Amino acid sequence: MKAKNIHLPEDLKQKMLNDPFPEHLGVEILELRPGYSRVGLPVGAHMANIHGIVHGGVIFTLADVALGTASNSRGVPAVAINMNINYLKKGGLGDYLVATGQEENLTRRTGLYRITVENRQGELLAVAHGLVYRQGR
């Protein structure tokens, strides 16, 4: 993945940058620090649904990448055990989407994150919450 502003130890940074699925999609890490992640994605025509707008799965996937990078940014392996999303506005093809994941609660074994997805104009397209299980070291 492409990256701009990562504030993590080098080994963890490289792990985040080498995530194959987001890299295949063209996801970019815009900012990453412990408990926080901003990722972006240029929306291509191949990301459309039958209505000619951004497929909900694309928006969900970008939110999931924000969850995954934010929740793993402390160096403790974390996997999602639940994620829900509310779609608020349609996304346009050719746009650039940004998902921001912010830690809301962290325990020894779980983490709760709020994720927002916005378009280039800063309009809120979706809000998600994700719960992760922290596997320990």
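Sequence positions, counted from 1, serve as the residue numbers for this chain. What you are looking at is a predicted structure, and each value in this text was computed from that prediction instead of being measured.
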Identify each donor-acceptor pair in which a side-chain atom of residues 59-67 lies under 3.5 Å from a protein atom, sequence neighbours left out, and give them as a table.
| residue | atom | partner | partner atom | Å |
| --- | --- | --- | --- | --- |
| T61 | OG1 | G57 | O | 2.7 |

How long is the span from the [atom1] atom in [X] to the [atom2] atom in [Y], to the nearest 0.5 Å?
{"X": "E23", "Y": "E28", "atom1": "CD", "atom2": "CD", "value": "11.5 Å"}
{"X": "Y96", "Y": "L30", "atom1": "OH", "atom2": "CG", "value": "4.0 Å"}
{"X": "I53", "Y": "L125", "atom1": "CD1", "atom2": "CG", "value": "10.0 Å"}
{"X": "L88", "Y": "E118", "atom1": "CG", "atom2": "CD", "value": "10.5 Å"}

Strictly by modelled atom types, are Y113 and E103 linked by a side-chain donor-acceptor pair under 3.5 Å?
yes
Among I81, N105, N84, whose side chain to side chain contact (heavy atoms under 4.5 Å, CB included) with L131 holds?
I81
Quick check against the 3.5 Å criterion: does [X] have a side-chain atom that pairs as donor or acceptor with the backbone of [Y]?
{"X": "R109", "Y": "R134", "value": "yes"}
{"X": "R38", "Y": "V98", "value": "no"}
{"X": "N72", "Y": "G75", "value": "no"}

Please test K90 against H51 for side-chain contact (heavy atoms from CB on, under 4.5 Å), starting from the C-alpha separation and ending with a verdict.
CA-CA 10 Å; K90 66 182 178 180; H51 304 292; over 6 Å; no
Would [X] end up clustered with [Y] when hydrophobic side chains under 4.5 Å apart are linked, directly or stepwise?
{"X": "L25", "Y": "I115", "value": "yes"}
{"X": "V54", "Y": "V127", "value": "no"}
{"X": "L93", "Y": "L41", "value": "yes"}
{"X": "I85", "Y": "V79", "value": "no"}
{"X": "M83", "Y": "V132", "value": "yes"}

Could you go through L124 and K89, starting from their C-alpha distance and side-chain angles, then the distance that decides it, and tell me whether this counts as side-chain contact (heavy atoms from CB on, under 4.5 Å)?
CA-CA 7 Å; L124 191 60; K89 188 172 184 161; over 6 Å; no
Nearest heavy atoms of Y36 and S73, plus distance in Å:
N-OG, 4.2 Å
Looking only at heavy atoms, the pair that brings S37 and L32 closest together is CB-CD1, 3.7 Å
The side chain to side chain donor-acceptor pair (under 3.5 Å) partners of N119 (sequence neighbours excluded) come to Q121, E123
